[in-house]
Enquirer: 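Quick one: structure below, then a few questions.
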Amino acid sequence: MAEPTDAPLLAVEDLVVEFPTAKGPHRAVDQVSFTVPHGGSLAVVGESGSGKSTIARALVRLLTPAAGRILLDGTDITRLPERRLRPLRRRVQMVFQDPYGSLDPHLTAGEIVGEPLRVAGTRDRRERERRAAELLDRVGLPASAAARRPPEFSGGQRQRIGIARALASRPDLLVCDEATSALDVSVQAKVLELLRELQAETGVAFLVIAHNLGVVRDLSTDLLVLRDGRVVETGRTGDVLASPAEPYTRALRRAAIDPHAVRGIKPRAMLTAATAALSAPTPS
Amino acid sequence: AGPTGLPGPGTLTLGLTRSLVSLDNKLNQFDAAVTVQRAVRQALTTLGPGLKPRLVLADRFEMTEPTAWTVRLRKGVRYADGSPVTVEDVDTALRMYGKVNGSFLLGLFPELPEVEKTADARTFRLRTERPVPILDRLMANIHITPADANKPEELQSGLGSGPYRVARANSGAGEYTLARNPRYWGPKPPLETVRVRYVPEESSRVVALRSGELDVVDTLSPDAAEQLTGLPGVSLERGDGVRVCQLFYNFRKPKNHPLSDPRVRQALAYAIDGEALLRDVLADSASPLRGVVPTNLDGAVETGSFTHDPARARALLRRHGADNLRLTFMWESGEFAGDASVMEAVADMLGDVGVRVTLKQFQPGGDILKWRQGRGGDWDVIGNGFPSPTGLALTCLQGMYAGTAEKERTREAFMGYVFPKIADGIEEASVEVDDAERQRKLAAVQKAIWDTWPALWGFVPKTLLARRGRVRDVGLLPTNSYDLTAVHLEG
Amino acid sequence: MPTYLLRRLGQSVLTVFLTLTAVFLLVRLAPGDPAAAYAAPTASAEELVRIRGQFGLDRPLLVQYGIYLRDLVSGDLGTSYSFHSPAFDVVMDRLPYTITLAVSAIAVTVLVAVPLGVWMARRADTRRELGANILTITGQSMPDFWTGVMLLTGFAVVIPVLPASGFTSWGGLVLPTITVAILQFALVSRLVRREMTTALAAPYTTVARSRGVAERALVWRYALGNSAVPLVTAVGTRFAALLNGVVVVEVVFAWPGVGSLVVRALETRDYPLIQATVLITASLAILVQLLVDLLYPLLDPRVRLGKAA
Amino acid sequence: MKDGTQDIAKDGTQHVATDGTPLLDVRELQVELVTEHGIVRAVDGIDFTVGRGETVTLIGESGCGKSTTAMALLRLLPDGLAVVSGSARIAGRDTVADLAAARAVRGRTVSLIPQDPMTALSPVHTVGRQLGDAIRLRHPALGRAEARARGIELMRQVHIAEPERRWKAYPHEFSGGMLQRVLIAIALAAEPELLVADEPTSALDATVQAGVLDLLMELQERTGVAILMITHDLGVARIVSDRIHVMKDGRFVESGSAPEIVDAPAEPYTRDLLASVPALGPWDEDKQPGPDSAASTPKVIPHG
Amino acid sequence: MTTAGIPTARTGGRPSAVTARDLARATATRRRSANRVKLWAGSVCTALVVLPILLAQLLPLPDANDQELGARRLPPLTEGHLFGTDQLGRDLLSRVLHGGQVSLTVGVLAVVVSGLIGIAAGAAAGYFGGWMDAVVSRVLEAQLALPLLMMLLLVVALFGSSVTVITAVIAVAQWPEVARLTRSLVLVEREKPYVAAARVLGLRGLTILARHVVPNVVRPVSLVVLLLLAQAVLLESALSYLGAGPERPFATWGRIISDGQDYLTTSWWLITLPGLVIALLVVGVNLLGDALRDGGGRTSRTKAAKADGGTA
Ligand SMILES: Nc1ncnc2c1ncn2[C@@H]1O[C@H](COP(=O)(O)OP(=O)(O)OP(=O)(O)O)[C@@H](O)[C@H]1O
Ligand SMILES: Nc1ncnc2c1ncn2[C@@H]1O[C@H](COP(=O)(O)OP(=O)(O)OP(=O)(O)O)[C@@H](O)[C@H]1O
Ligand SMILES: [Mg+2]
Ligand SMILES: [Mg+2]
């Protein structure tokens with residue numbers, strides 16, 4: 001494992017990602033820069049289509065950026081060919097949004113979690129099984145889970161398997177792309193709790209992607225607000241949420257309905273305000 | 001045609017087994033096609049009942065010298081477009097036939113005669129180098145076409161002097177409609193229209209005949225004949241054919257091979273139950289072969305017959321040191337009706353006398369020629385049919401048994417059959433001008449051939465034709481064709 | 001779109017070209033001699049050599065290929081050995097029959113199998129559906145020869161309402177059409193059933209029902225509209241395949257299509273005819289597939305050309 | 001349309017309209033699903049009413065039977081799956097007992113706004129066509145062009161920009177929020193008295209959600225339509241409802257007015273649900289007198 | 001999903017309104033019983049064909065090649081011949097059963113080979129896309145555009161008509177079906193997040209394809225492969241009909257049928273009975289396949305259907 005240097009764990013410089021469309025390239029991420037320190041946690045928020053997932057996919061090189069650099073501990077991985085990238089892949093892992101689709105349905109939970117170990121070169125099957133059982137236990141799944149297959153688990157349980165798989169690689173950075181948005185509130189709360197514990201325990205750095213401001217609040221120290229692929233505002237999570245500086249961030253903040261904050265019968269004005277602010281033309 | 005495709009009252013519909021590519025016969029070897037071809041194009045002569053030559057475009061055709069025949073064109077014969085048939089046309093026709101590569105007809109001619117004009121515009125002489133005593137029959141195959149339209153290939157146009165002209169043709173689909181030729185020089189043919197259809201599958205032809213959609217279907221298989229027998233409204237015509245089918249031995253075997261010994265060849269023949277094959281497998285649609293060519297051919301004689309005696313076969317084989325033989329039989333699909341069944345049955349019969357047989361079936365277009373010539377692989381017996389469209393034993397004998405060492409150099413002797421004495425005998429007979437003497441010579445040579453046991457077994461398939469009851473006077477000839485001008489419809 | 005079309009066309013032309021090359025080589029490598037098939041069995045070796053020369057088969061393979069391509073470019077597909085006329089004309093004599101049969105068989109297939117599939121989707125898992133299923137499968141798995149002759153016997157002899165063979169009247173189209181269609185029913189109806197089951201269970205169907213859309217419109221407009229792409233693919237593929245002719249059915253019904261023509265051409269080793277038939281039918285079949293591809297965006301607006309789904 | 005319903009009291013306890021009968025009256029509704037693994041009782045005897053102009057919310061975690069309830073009311077559950085008993089009277093006709101009644105109310109008295117906008121429209125038909133169908137079902141006499149005019153007007157009402165152009169567009173060319181608006185427009189085409197909104201916003205992101213909810217409330221204000229809202233989001237329930245029924249395992253565990261349930265939940269289950277909502281914490285606007293400033297911003301702004 | 005599958009015997013004691021009739025009419029019940037029927041009928045039909053074939057040598061039957069010219073074309077149920085005799089007086093049942101051994105072997109082998117080729121080519125085309133896809137797609141297109149039977153005849157002419165060649169030829173004829181389906185399934189499968197997850201883990205392309213993608217498509221594909229078995233048998237008969245069947249006197253089904261064609265109108269059983277045996281096998285295998293598929297994996301099926309359309 002690379003020893004901490006002055007360099008941040010992850011540095012993203014002027015990242016640009018484009019998609020080809022019928023009307024020419026569509027710039028989904030536009031000149032985004034940020035850093036994540038070792039053990040740190042950064043949240044990226046923004047409305048749907050603002051480019052959050054695109055950043056995540058670029059970080060794990062499921063996409064190749066059009067411009068800019070992604071530095072992992074100082075190593076430029078932006079354009080590394082797959083062969084050279086493979087050894088570095090374990091350091092950045094991802095928890096996917098879709099708990100139903102992100103697990104291979106024909107493998108058992110044990111095999112899924114054991115897979116990164118195989119990649120890492122653990123040839124011994126028993127050793128892999130032992131480690132997988134440990135990891136499953138760590139994310140709060142019973143020992144019997146190892147032999148079952150994904151369709152036999154609930155959404156929250158599947159998301160735990162996904163987390164265990166990501167952890168198996170002993171990553172330095174965990175990218176959580178809306179890891180809880182497919183889950184209902186009560187389940188989501190439990191998964192968030194687990195992620196918090198894991199960070200406290202292993203010191204893994206987080207890049208949390210969400211459109212729900214509430215989710216990021218406990219999970220991240222820093223916040224980055226994205227709109228139409230561009231960074232609108234950054235800062236400490238608490239500060240930004242408590243007093244957003246940019247109108248857009250304010251609108252986002254207002255759109256998040258907090259049941260505790262609602263007063264009166266059918267306070268439609270609360271919605272109207274949020275809607276109005278968000279629909280304001282994009283400064284471009 | 002009505003909704004069910006039934007032909008009209010004046011229309012005769014024929015269902016052919018093979019697609020008729022053209023109404024010319026320079027390359028076509030398909031016997032039943034002759035019926036249609038001759039309705040459009042005519043020759044100087046034709047083969048009538050009893051395989052005797054009859055005059056058509058010529059009203060005189062006589063051997064006036066050993067090497068020359070005097071021929072006179074019938075007065076007033078003309079083509080469908082009204083132009084007269086001339087000597088020039090005959091001359092051109094002969095030259096054009098001569099230029100065709102690979103023609104079967106050409107193989108029948110020992111040499112092509114030259115046309116020698118005379119003072120009379122209608123009379124000419126056909127001259128050959130050596131005597132061709134059968135020229136009158138051979139010339140039945142040369143169709144006469146206007147000289148300037150003739151080419152050394154099959155003619156696509158349908159202009160001829162026959163009783164019918166082509167009204168519609170789709171040679172790709174093998175479908176023709178013939179209409180009466182209003183300018184026909186002879187008596188007006190009774191049929192208004194003749195439709196020719198290509199119906200390859202036998203079951204379909206049978207169904208179409210039963211439903212009245214086809215009036216005549218030719219070249220029936222034994223099974224189809226059996227099916228049609230006794231059906232109301234359907235009649236069968238059958239007669240002896242001019243084709244001989246044999247399980248012919250390979251005569252290119254090394255000297256020490258058992259099959260090189262005529263006694264072994266004969267011994268094997270005892271194993272074959274020809275009667276059962278004819279009765280059960282061929283359903284009585286063939287006659288036993290009692291000579292080396294069909295005995296109804298002019299000049300053919302009975303030389304012996306195949307007898308079934310497995311015990312004797314076994315004993316003889318053992319005596320000649322040929323037990324435990326393993327033989328390979330080959331044939332091409334469609335060589336004769338029921339070919340596969342016959343071969344399988346024969347293999348089984350040989351199995352009963354301890355001879356193990358491997359069957360090798362070739363597909364049309366495949367390599368059987370190469371194998372026949374001994375270039376493909378080793379084999380012992382071939383299932384083969386050999387036709388004699390001239391109705392003469394001589395042409396048949398020449399084709400099969402007249403192999404010489406010289407021919408064999410290019411592997412052209414029929415299955416390697418080379419017996420110089422026999423070849424000489426045939427040659428002598430072929431140029432014998434005197435009829436009686438020729439017959440005598442032919443008989444002698446046939447006996448000699450029989451004694452060489454060239455075939456394991458043989459038979460003569462019958463010509464088989466089925467017609468609707470309303471079709472009358474189909475005079476089916478042994479050549480598997482008939483004269484369309486004689487046919488008429490009832491009701 | 002134009003670039004896509006051009007690229008697809010280019011690829012298709014290449015496919016046809018390679019196909020043709022493969023056929024060119026294969027027929028020449030396969031045993032058998034066009035000269036021997038052409039000439040009488042009694043023909044002399046010398047004559048065979050002459051015939052080969054006449055066909056240009058005495059030249060090296062590469063030269064033959066070059067000549068073939070040169071002629072092809074100038075639109076000459078060669079002269080059929082056995083028909084003694086331009087191979088193109090021979091194929092064209094027969095092509096209308098093949099296309100007629102293909103079109104009518106596909107039309108009947110669609111007209112019968114689609115309603116049948118819809119019916120099966122709506123009666124899923126009932127005994128009657130099982131019966132229909134078994135029936136179509138049985139129909140498909142009996143040899144087509146058998147089906148053809150049974151139909152022939154039934155409708156031309158026992159109840160003589162239809163002609164037995166050939167295309168002398170439109171009635172002659174009925175039996176071959178049915179025979180070919182029977183082979184497709186099982187496949188298409190099962191496909192429709194599968195698609196319709198999916199579509200009828202899809203949320204948009206329920207939602208449409210919730211807004212009062214009549215059941216009939218649900219089935220025929222919404223559900224079937226959403227099954228169009230796989231259906232058109234399957235039908236298009238079948239149609240393309242039928243353009244090569246249906247040998248057995250053609251033989252049974254004396255239907256002068258290209259299927260039996262090419263088999264016959266093979267039996268006589270009629271190289272120019274084989275090549276011409278392959279060229280023409282392959283081009284047609286590939287064209288059909290191209291058209292089906294171009295049809296997708298019209299059937300499903302989500303499909304964009306040039307993009308795999 | 002229904003003018004008489006404008007006078008609904010804001011008091012959440014009153015749920016009966018002026019004519020005395022509730023618009024929707026559900027009694028002892030029980031839905032049993034015959035599945036491969038046995039019979040599942042998805043809805044286990046619930047009673048509730050929705051009066052004209054009212055919003056009643058069913059809330060509960062995933063799988064508690066909310067959607068099943070909604071579908072059962074409209075007889076949309078497949079016959080081969082669900083056995084429904086009890087009664088559900090919509091405008092006086094029992095849709096549970098009488099299939100014809102269900103058919104008659106669908107698309108006329110009641111409209112459904114489905115859970116997932118992305119899959120709720122046929123992907124191969126234009127939006128206009130599907131909206132036009134709904135309009136012409138309600139007004140069979142209308143011609144194509146008239147239906148189109150009316151549909152475009154509806155699309156404008158739900159704040160879809162450039163409705164003329166979008167009439168010919170396909171569902172995949174719309175964003176989730178816009179699709180939800182289209183679905184609302186389709187629902188409105190029926191000029192219904194009752195809207196059944198099955199989680200109309202849970203598939204949407206928080207920002208779009210606000211817009212859709214705002215629209216629904218605007219419509220209710222304008223037309224007086226009654227809404228049966230289904231959600232698992234307490235925030236949403238709190239903001240739009242008059243009354244809330246908290247559902248668990250097919251039964252109601254707690255019912256009451258919106259402020260009662262959210263501000264003073266009696267049942268531990270409700271409290272759990274509430275606690276699971278991630279807290280956002282206070283922010284600067286909380287200190288301000290209220291969202292009056294925001295309320296004054298222009299309301300009708302193209303969205304999406 | 002927390003309350004998924006509330007059991008019938010739930011507390012609370014409200015009586016269930018589900019009547020026996022409801023239960024009988026319910027889709028789940030119907031599907032289950034239909035499935036049971038399919039499984040049973042399928043097994044019975046298949047076993048009815050396959051078992052006697054496997055046991056052909058042990059059954060008290062005349063030799064398949066034993067001719068008796070006097071007893072030719074006897075109708076079924078005469079002189080102890082259950083299926084009658086053929087044109088050379090051989091026992092048809094014995095020929096069908098012994099022939100079935102060859103035909104089934106040819107069928108099974110052909111199907112296995114075509115399945116392997118089809119899955120490999122289709123999966124590679126679907127997963128890697130690009131030129132690989134272009135090549136496979138064009139080959140598929142070309143094969144559809146070529147007259148199948150002519151090509152098969154050519155190949156048989158080229159390599160002879162041994163059982164091996166026939167098997168290979170049928171496999172070649174059938175792989176497009178498998179490849180097309182595999183490709184369309186893989187196109188859907190490769191977009192699934194678990195494939196992205198595997199890439200993020202650092203697995204290489206081939207490993208992902210072999211370990212994740214193929215195992216997930218192999219089930220629906222194998223069902224199609226199962227159905228191809230029947231087609232293989234019919235294809236062999238078409239080849240025999242055109243004279244390119246295995247060498248005589250091997251009694252394969254195709255050979256029996258093609259030889260019997262001449263006698264269809266006089267001796268219906270020669271072709272009808274073997275035809276029915278094939279049909280029985282096909283129906284059996286189809287029903288079994290249906291039952292197995294409906295037994296699970298329904299989701300992958302519906303998605304496959306969509307993908308099928310969009311790309312094929
Ligand atoms: N494969 C693609 N091809 C074309 N455009 C794409 C593709 N993927 C994403 N985009 C576009 O890029 C932009 C950013 O998409 P992205 O998925 O990153 O948004 P997001 O912030 O993750 O939204 P959500 O909250 O809905 O997941 C969007 O406008 C989207 O339409
Ligand atoms: N088609 C079905 N087959 C079997 N069980 C079903 C089916 N549909 C619903 N259920 C079961 O019925 C119960 C209620 O489902 P329902 O869809 O009404 O929940 P919900 O409250 O709408 O959940 P969500 O918030 O996820 O939409 C669940 O336990 C579910 O598992
Ligand atoms: Mg995203
Ligand atoms: Mg729901």
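Proteins get letters first, then strands, A, B, ... in listed order; numbering begins at 1 in each.
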Enquirer: Report which part of C/Val251 has an atom under 4.5 Å of a heavy atom belonging to chain B: side chain, backbone, both, or neither.
Expert: both

Enquirer: Is it the backbone or the side chain of C/Phe155 that comes under 4.5 Å from a heavy atom of chain B, or both, or neither?
Expert: neither

Enquirer: Determine whether the aromatic ring centres of B/Phe362 and B/Trp371 lie less than 6.0 Å apart.
Expert: yes

Enquirer: In this structure, is the centre-to-centre distance between the rings of B/Phe414 and B/Tyr401 below 6.0 Å?
Expert: no

Enquirer: Any chance the rings of C/Tyr271 and C/Phe55 have centres within less than 6.0 Å?
Expert: no

Enquirer: Look at the side chain of B/Ser103 and the backbone N and O of B/Val100, then say whether any donor-acceptor pair between them is shorter than 3.5 Å.
Expert: no

Enquirer: Checking heavy atoms, do the side chain of B/Arg372, its backbone, both or neither come under 4.5 Å from chain C?
Expert: side chain

Enquirer: Which bit of B/Phe386 comes within less than 4.5 Å of chain C, counting heavy atoms only: side chain, backbone, both or neither?
Expert: side chain

Enquirer: So for C/Arg50, is it side chain, backbone, both, or neither that comes closer than 4.5 Å to the heavy atoms of chain B?
Expert: both

Enquirer: Using a cut-off of under 4.5 Å on heavy-atom pairs, state which of C/Ser82, C/Ala45, C/Pro34 scores highest against chain B.
Expert: C/Ala45

Enquirer: Let me see the working for B/Glu154 and B/Lys26 under salt bridge (charged side-chain N to carboxylate O under 4.0 Å, His left out), right down to the final yes or no.
Expert: CA-CA 6 Å; B/Glu154 292 214 322; B/Lys26 292 204 187 74; over 6 Å; no

Enquirer: Only one of C/Glu47, C/Gln54, C/Arg52, C/Glu46 forms a side chain to side chain donor-acceptor pair (under 3.5 Å) with B/Asn101, so which one is it?
Expert: C/Gln54

Enquirer: For each of C/Ile51, C/Val90, C/Val91, C/Asp33, tally heavy-atom pairs with chain B at distances under 4.5 Å, and name the one with the top tally.
Expert: C/Ile51

Enquirer: Side chain, backbone, both or neither: which part of C/Leu48 has a heavy atom under 4.5 Å from chain B?
Expert: side chain

